[in-house]
There are 2 protein chains.
Amino acid sequence: MDDIGHTDRPEHEGISVRATRIQDVAKLADVSTATVSRALATPERVSPEARARVLEAIAKTGYVPNPAARTLRSQKTYMVLVVLPDLANTFFSKILRGIEETLFEAGYGMIISDLDGSPEKEAHFAAFTAAGRVDGAILLNGHLFGQSREGEGKPARITIPLVALCEGIPGADIPQIEIDNRAAASRMTQHLASLGHRSIAYVSGPAINILERERFQGYMDGLAASRLPFDPALVIPGDYTIESGTRAGQDIVARQDRPTAVFCTSDEMAIGLMRTLFSAGLRIPADISVAGFDDIEFAGVAEPALTTIRQPRRELGQAAASALIDLLQGRPSPKRIRLETELVIRDSVASR
Amino acid sequence: MDDIGHTDRPEHEGISVRATRIQDVAKLADVSTATVSRALATPERVSPEARARVLEAIAKTGYVPNPAARTLRSQKTYMVLVVLPDLANTFFSKILRGIEETLFEAGYGMIISDLDGSPEKEAHFAAFTAAGRVDGAILLNGHLFGQSREGEGKPARITIPLVALCEGIPGADIPQIEIDNRAAASRMTQHLASLGHRSIAYVSGPAINILERERFQGYMDGLAASRLPFDPALVIPGDYTIESGTRAGQDIVARQDRPTAVFCTSDEMAIGLMRTLFSAGLRIPADISVAGFDDIEFAGVAEPALTTIRQPRRELGQAAASALIDLLQGRPSPKRIRLETELVIRDSVASR
DNA sequence: TTGAAAGCGCTAACAG
DNA sequence: CTGTTAGCGCTTTCAA
């Protein structure tokens, strides 16, 4: 049936093709398999001599424990699921690095789930999680797993530890790791106002999005703190993508009475918007200032270089992973962690 | 010890907290566990009645097979490892989608390994692979796993099916999925030449890189086909990153005798380079033309929009996954697949 | 501190 | 077509 199967025992040049098992190590070290297991998991409960012999045997054989067997017995997978809305968004890559680093140090592996806006994918990963392939999950998508798929069967209940990262999940009683979106947006708005801008447009994220709601609050706060009136006409809808930025640019170009500054709530939108303004013959920042949010890689090489809000992406990932590990190991975990952002001043904003 | 552990049996509101096992389904369907297993794996070998009862019982209980037990018994993980040099590079995200799609349809999951230029990470994933956590791997990093870590112990031999994607691995007898880098680079070079450019600079990738060698050959081919002489001074070293593009730009700005066109072998470099040229007061494409390679998302919204080579990223991913699945299921797999690229003409290149 | 022994939940070999 | 049975390799009581 399986015609690529290799024969099991034969030794080629002294190297057995079959993987070393715990028994082989035990035999070589002249101890029981239980002792080998303990030498690895709880070395302090094994005599130094036995431990040394086991370690030597492991080194000699290149033994690596079989994870399936370990998982089956201990009911722990040492795997964590990371759920994100869109892997293509460069914003996530550094966060993933931070997560992976911290997880790795604690002996956990990471499985990435790119939802890609597909409900089936979400159902799939919910089932995956329910099947016990992971010990916990970090959610970057702003909501919990969908519960069941079109009523067939019981919803597989998810009972593993969860952590929400970046997009808080209101109502869910799990640790939330995030930045203070409201304060950051307020700060940028005030920065623009302090430079003399009195007509500051706001390009939003998707209306349902929690980040959007917080950043919009911040925009309002900033306006108020700068004693600027709120003008609904200056709020332009977007969804964080390049394309929506391009569309917002068209909207602005078409206006008689243009704002002097535009605060885009993502760098992607700012870059798309700048392109449209530029094509229409507007000079940035001479004619109009543009600010972004996130500080992705391309923000610094955009033309002009983008003034934006930097999120501590790696640290966000690390903090989320740490919180999850705490939970996984039965330690208490902080309910909410807020990391600081930074206002990065470049060339796309000028004073008026 | 584990103070977050839940009690095992108690039923809350009729729902058992403990996961359903194959035994529960068997009992409910009034068949043996073997029949349940067969109804799932080889339905044609089970009578329609038995199958119906099993399916019903599964629906009723929400049974999901325990993957650890399945793996332990069958020695198959239904997991594939994808090794990439840098997850932050936007070039890879669509490829990953293509891989994931195809894998998913065939019932395989995907684990991503971001090497991030770290040899330890590589050793870690080599061990991971050797430990039998995955059935096969797709390598996007241009080489096989490092063999052992500083001589301690035997090198864990990797014997699972592998596929090389994008960066071919010379000498390795595994399927290679790639584009024709040489032809694509030649085409771009000839495109520039056909527009009247006679001094075409080439910003390279890392010298050791196989892609670089192929693209450089293509550049030479294109020059020859256009009856243009090769001038070593026009080859500027790069490493595909934004920063190296910026540096290449400085090099060009500093020259007395500037090329009229620059062919960058990655879009990142082209974007970094354009920024430097722009800052130095050069107009693109009026003063100097710039071309890229890859067609990443930002190429279309760069200022000016970048003329480049589009790679069929999703299809590349799909083809690699298909080839690996063939191998995994004992079918013959094509040794080499080359997908077509496309010349995308935008605004960063003008005729001379 | 150590070993013996009992499974974790599943699939595959072997009968029937 | 179906059931019985024997493990896959490990961790974890339990007893010494």
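In what follows, chains carry the letters A, B, and so on, assigned in the order in which the sequence lines appear, proteins first and then strands, with residues in each chain numbered from 1.
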Side-chain N or O of B/Thr35 closer than 4.0 Å to phosphate OP1/OP2 of D/dT2: no
Side-chain ion pair, A/Asp30 and A/Arg53, N-O less than 4.0 Å: no
Interatomic distance, B/Gln176 atom CD to B/Leu162 atom CG [nearest 0.5 angstrom]: 11.0 Å
Distance, rounded to the nearest Å, where B/Asn66 contributes CG and C/dG7 contributes P: 17 Å
Nucleotide C/dG7, atom P - distance to CD1 of A/Ile22 in whole Å: 19 Å
Candidate list A/Leu140, A/Leu87, A/Leu165, test side-chain contact (heavy atoms from CB on, under 4.5 Å), partner A/Phe92, passing option: A/Leu140
Side-chain N or O of A/Tyr63 closer than 4.0 Å to phosphate OP1/OP2 of D/dC10: yes
Terminal helix-axis angle for the helix from C/dT1-D/dA16 to C/dG16-D/dC1, with five pairs defining each axis and rounding to 10 degrees: 30°
Touch class at under 4.0 angstrom, heavy-atom based, for B/Ala41 against every strand present: nothing
Sugar-phosphate only, base, or nothing, as touched by B/Glu44 at under 4.0 Å among non-hydrogen atoms: sugar-phosphate
Donor + acceptor pair across side chains of B/Thr77, B/Asp135 (<3.5 Å): yes
Donor-acceptor pair, side chain of A/Thr42 and main chain of A/Glu44, under 3.5 angstrom: no
Between C/dC10 (P) and B/Lys76 (NZ): distance, integer Å: 17 Å
Per A/Val31 side chain, nearest of listed nucleotides C/dG3, D/dG9, D/dT11: C/dG3
Interatomic distance, B/Ile58 CD1 vs C/dC10 P [rounded to whole Å]: 10 Å
B/Arg314, CZ: over 12 other non-hydrogen atoms inside 6.0 angstrom: no
Side chain of A/Pro65 - closest among D/dT2, C/dT11, D/dC10: D/dC10
Qualifying residue, where the test is side-chain contact (heavy atoms from CB on, under 4.5 Å) with B/Val36 and the options are B/Val25, B/Leu55, B/Leu28: B/Val25
B/Arg73, nearest nucleotide to its side chain (from C/dA12, D/dG9, C/dA4): C/dA12
A/Arg45 side chain near C/dT1 phosphate (N/O to OP1/OP2, under 4.0 Å): no
Spacing between A/Leu40 atom CG and D/dT12 atom P, to the nearest angstrom: 12 Å
A/Gln23 CD - D/dT11 P separation (whole Å): 13 Å
Any B/Ser47 side-chain N or O less than 4.0 Å from OP1/OP2 of D/dT2: yes
Between CG on residue A/Asn141 and CG on residue A/Asp86, distance to nearest 0.5 Å: 12.0 Å
Under 4.0 angstrom between B/Gln75 side-chain N/O and C/dA12 OP1 or OP2: no
Check: B/Arg38 side chain, D/dG3 base, donor-acceptor under 3.5 Å: yes
Proximal nucleotide (of D/dG3, D/dG9, D/dT12) relative to the A/Ala34 side chain: D/dT12
Nearest to side-chain heavy atoms of B/Ser32, which nucleotide of D/dG3, C/dT11, D/dT12: D/dG3
Sugar-phosphate, base or nothing in reach of A/Pro67, heavy atoms under 4.0 Å: nothing
Among C/dA12, C/dC10, C/dC8, the one nearest A/Leu72 by side-chain distance: C/dC8
